[in-house]
Amino acid sequence: QVHLVESGGGLVQPGGSPRLSCAASGSILSINAMGWYRQAPGKQRELVAFIISGGPTNYEDSVKGRFTISRDNAKNTVFLQMNSLKPEDTAVYYCIAHIRSISSTSASPYWGQGTQVTVSS
């Protein structure tokens, strides 16, 4: 009933500034929080950024000052503006949303399928 669709990944040069987006659709009552994780080859998935309903945000230390997370609540969409990209930012980026659906009495996490971001010259 709920699915997330990510876009904006691809091959970018160091110092580039792509923007990722993730749109949630389906039988949604409310979205409490949305965010991004990433997973590099051979490493565990790590939290990149989260935005809570009402505006508070959290960032992983290595991306503070470079990445900005934002939401368009009317479109159930979260964005990740990525600036000054480095090769170590290369990873699959996964969208997550904590959503209460029509058939549920509580919020549950939903994941996108991931979008590859490769930073290379």
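For the numbers below, each heavy atom of this structure counts, side chains included, while hydrogens, waters and symmetry mates do not. Source: prediction; values computed, not measured. One is the number of the first residue; the rest follow in order along the sequence.
In this model, a donor atom of one side chain and an acceptor atom of the other lie less than 3.5 Å apart for S21 and S7. With hydrogens and angles left out, the side-chain atoms of E88 and T90 include no donor and acceptor closer than 3.5 Å. No side-chain donor from either of T77 and D72 sits under 3.5 Å from a side-chain acceptor of the other. Of the N and O atoms on the side chains of Q81 and S17, not one donor lies less than 3.5 Å from an acceptor on the other residue. Between the side chains of S25 and H3, a donor-acceptor pair is found at a separation under 3.5 Å.
Nearest approach of V2 to S101, heavy atoms of both residues: CG2-CB, 4.2 Å. The minimum heavy-atom distance linking P109 with H98 is given by the pair CB-CE1, 4.0 Å. Listed here is the closest heavy atom pair of A40 and A91: N-CB, 3.8 Å. Considering every non-hydrogen atom in both S103 and Q1, the closest pair reads OG-OE1, 3.0 Å.
Distance CZ/R19 to CZ/F67: 14.5 Å, rounded to 0.5 Å. Between the OG atom of S108 and the CD1 atom of I99 there is a distance of 9.5 Å, given to the nearest 0.5 Å. Considering CD1 of I28 and CD1 of I31, their distance stands at 4.5 Å, rounded to 0.5 Å. S27 contributes atom OG, which lies 13.0 Å from atom CZ of R100 (distance to the nearest 0.5 angstrom).
Residues L4 and V78 share a hydrophobic cluster, clusters being chains of Ile/Leu/Val/Met/Phe/Trp/Tyr side chains in contact below 4.5 Å. Residues Y93 and Y110 fall within the same hydrophobic cluster, defined by Ile, Leu, Val, Met, Phe, Trp and Tyr side chains chained together at heavy-atom separations under 4.5 Å. In the hydrophobic cluster analysis, where Ile, Leu, Val, Met, Phe, Trp and Tyr join through side-chain heavy atoms closer than 4.5 angstrom, L20 is grouped apart from Y37. Residues M34 and Y94 are members of separate hydrophobic clusters, defined by side-chain heavy-atom contacts under 4.5 angstrom among Ile, Leu, Val, Met, Phe, Trp and Tyr.
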* To do: Give the intermediate values and the outcome of side-chain contact (heavy atoms from CB on, under 4.5 Å) for residues D89 and V117.
  => CA-CA 8 Å; D89 294 317; V117 175; 5.8 Å; no

* To do: Start with the C-alpha distance between C95 and W111, add both sets of side-chain angles, then the distance that settles side-chain contact (heavy atoms from CB on, under 4.5 Å), and finish with yes or no.
  => CA-CA 6 Å; C95 178; W111 290 89; over 6 Å; no

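Put simply, the side chain of Q13 never gets that close to the backbone of S120: no donor and acceptor are under 3.5 Å apart.
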Extract all donor-acceptor atom pairs below 3.5 Å that involve side chains of residues 46-63 and protein atoms in other chains or at least two apart in sequence.
unit_1 : atom_1 : unit_2 : atom_2 : d
E46    : OE2    : R38    : NE     : 2.8
E46    : OE2    : R38    : NH2    : 3.4
Y59    : OH     : I69    : N      : 2.8
E60    : OE1    : S62    : N      : 3.1
E60    : OE1    : S62    : OG     : 2.2
E60    : OE2    : S62    : OG     : 3.2
D61    : OD1    : K64    : NZ     : 3.4
S62    : OG     : R38    : NH2    : 3.3

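The side-chain heavy atoms of L85 and P18, taken from C-beta on, include a pair separated by under 4.5 Å.
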